[in-house]
Amino acid sequence: MRIRVIVFIAAVVMTGCVHLDIQKNIDALGRIEPGDTQAAVFETMGPPDLRNDINDRRFVVFYQTKTGKADGTTPLTALCTPIAFENGKVVEVGNDLTDQWTREEEERQRQAEIAEKARREAKMAELARQRAETERRDKIAALEKKVKPVPVSNAALNLKLYRQLRDLDPDNSRYQKKVAFYEERLVRQKKARQDRAARKAKERQRREWEQARDTRNKQLRHYTGNGTAEMAVHDMGSGSLYVWVKNVSQQIITTHPDYFTLLDSDRNPARCEISDSLDSVLEPGGISHGKIDFSREVQPGELIFQNRESGRISKLFQ
């Protein structure tokens, strides 16, 4: 019996102490205001019953201001009044900012992670740019060394190397000028090669033409015509022809230098000097003859004799 009394008295004493602590907290909270420092609050309130740290600037403390105890359905914070601190000072009394600040902290951390990722990517990009710049400079130095001994006459190689240098440094005026210079020089060299090839081909044709002259003359020296006039030609070479025009009709015909036209192998009229001896009046059976000179570079294609009396006759050289 005595033991039961002791236990009852102890319970009453403990209950009374709890109520005294709660009342003390309630009384002290009335003196807490936003802007109070952490040190001042803890001096007034004493150590908190609970504390939630959000980050190094924000935390929330709890002081019990209601009777009861936490169980499976009622958390201890439900029996407490919160005080929110930011940068060491009170910002809220009685309003639990834990959830709000937790969300804000999570968002801050997410943004910080995004910013850190962006910073790392920017740093990697900058490193890549620096590596690319180093490689570009190394390539320029190597190409400069390679192009230096190339003679100006080798326009193709110079153009190739300076184009590579210009691509590596598009704003470099020296590279731009070098590319333009060697492009023009290469065009000139190509044209010179083409001209040389054309001259060689023409010279070869001329030689072949000269070599075939004897065979050609066997045909040219035969009189051919139209029943009024006939013509024979001898290719003397080196830009000279000897021409005969014979009157094979029963009427009088005339010959004159203006009646002769020499066409080259491309069917273009060739400039000629025609002997005055071809200015004649021919009786039936009469023959007019004389020399026709032209540039030795011309390859004759056809010699035409034509006037109103005799009509048109010609000799083909092909």
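With sequence neighbours excluded, the residues that form a side-chain contact (heavy atoms from CB on, under 4.5 Å) with D195 are K191, R199. The side-chain contact (heavy atoms from CB on, under 4.5 Å) test applied to K123 returns R119, L127, not counting sequence neighbours. Here E113 pairs with nothing under the side-chain contact (heavy atoms from CB on, under 4.5 Å) rule; sequence neighbours left out. Shown here are the salt bridge (charged side-chain N to carboxylate O under 4.0 Å, His left out) partners of R108, two or more places apart in sequence or in another chain: E105. Applying the side chain to side chain donor-acceptor pair (under 3.5 Å) test to N172 and every residue at least two apart in sequence or in another chain returns D169. Y175 is linked by a ring pair (Phe, Tyr, Trp, His ring centres under 6.0 Å) to nothing, counting only residues two or more places apart in sequence or in another chain. Partners of D167 according to the side chain to side chain donor-acceptor pair (under 3.5 Å) rule, which considers only residues two or more places apart in sequence or in another chain, do not exist here. Every residue was checked against the side-chain contact (heavy atoms from CB on, under 4.5 Å) condition with V187, not counting sequence neighbours, and none meets it.
Sorted by first then second residue, the side-chain hydrogen bond (donor to acceptor under 3.5 Å, both in side chains) pairs that include residues 274-295, not counting sequence neighbours, are S240-D293, Y242-H289, T255-S288, S275-S277, S280-S288. Listed by first and then second residue, the salt bridge (Lys or Arg N to Asp or Glu O under 4.0 Å) pairs that reach into residues 301-317 are R267-E302, E302-R312, sequence neighbours excluded. Every pair passing salt bridge (Lys or Arg N to Asp or Glu O under 4.0 Å) that includes a residue from residues 214-231 is listed here, sequence neighbours excluded: R216-D235.
The aromatic rings of F85 and F42 stand perpendicular to each other, their planes meeting at an angle above 60°, with 30° marking the opposite boundary.
Ion pairing of E106 with R110 is absent here, as no side-chain N (NZ or NE/NH1/NH2) approaches a carboxylate O to less than 4.0 Å. The pair R188-E184 meets the salt-bridge criterion, with a side-chain N (NZ, NE, NH1 or NH2) lying under 4.0 Å from an Asp/Glu carboxylate O.
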Side chains of residues 88-97: which donor-acceptor partners sit under 3.5 Å, not counting sequence neighbours?
from: D96; atom 1: OD1; to: T98; atom 2: N; distance (Å): 2.9
from: D96; atom 1: OD1; to: T98; atom 2: OG1; distance (Å): 2.6

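Annotation for P47 and Y63: closest pair O-CE2, 3.4 Å, computed over non-hydrogen atoms. L220 and L316 make their closest contact through CD2-O, 3.6 Å (heavy atoms, listed as atom of the first residue, atom of the second, distance). Closest of all the heavy-atom pairs between T228 and S310 is CG2-CA, 3.6 Å.
D36 places a side-chain N or O within 3.5 Å of a backbone atom of E33 that can act as its donor or acceptor partner. Side-chain atoms of Q189 never come within 3.5 Å of backbone atoms of N154 as a donor-acceptor pair (strictly under, hydrogens ignored). Judged purely by atom type and a 3.5 angstrom limit, N226 has no side-chain atom pairing as donor or acceptor with the backbone of G311.
In the hydrophobic clustering of this structure, L159 groups with V147; members are Ile, Leu, Val, Met, Phe, Trp, Tyr whose side-chain heavy atoms approach within less than 4.5 Å, directly or through other members.
The NZ atom of K66 lies 13.5 Å from the CG atom of N25; values are rounded to the nearest 0.5 Å. In this structure, K139 NZ and L168 CG are separated by 6.5 Å, a value rounded to the nearest 0.5 Å.
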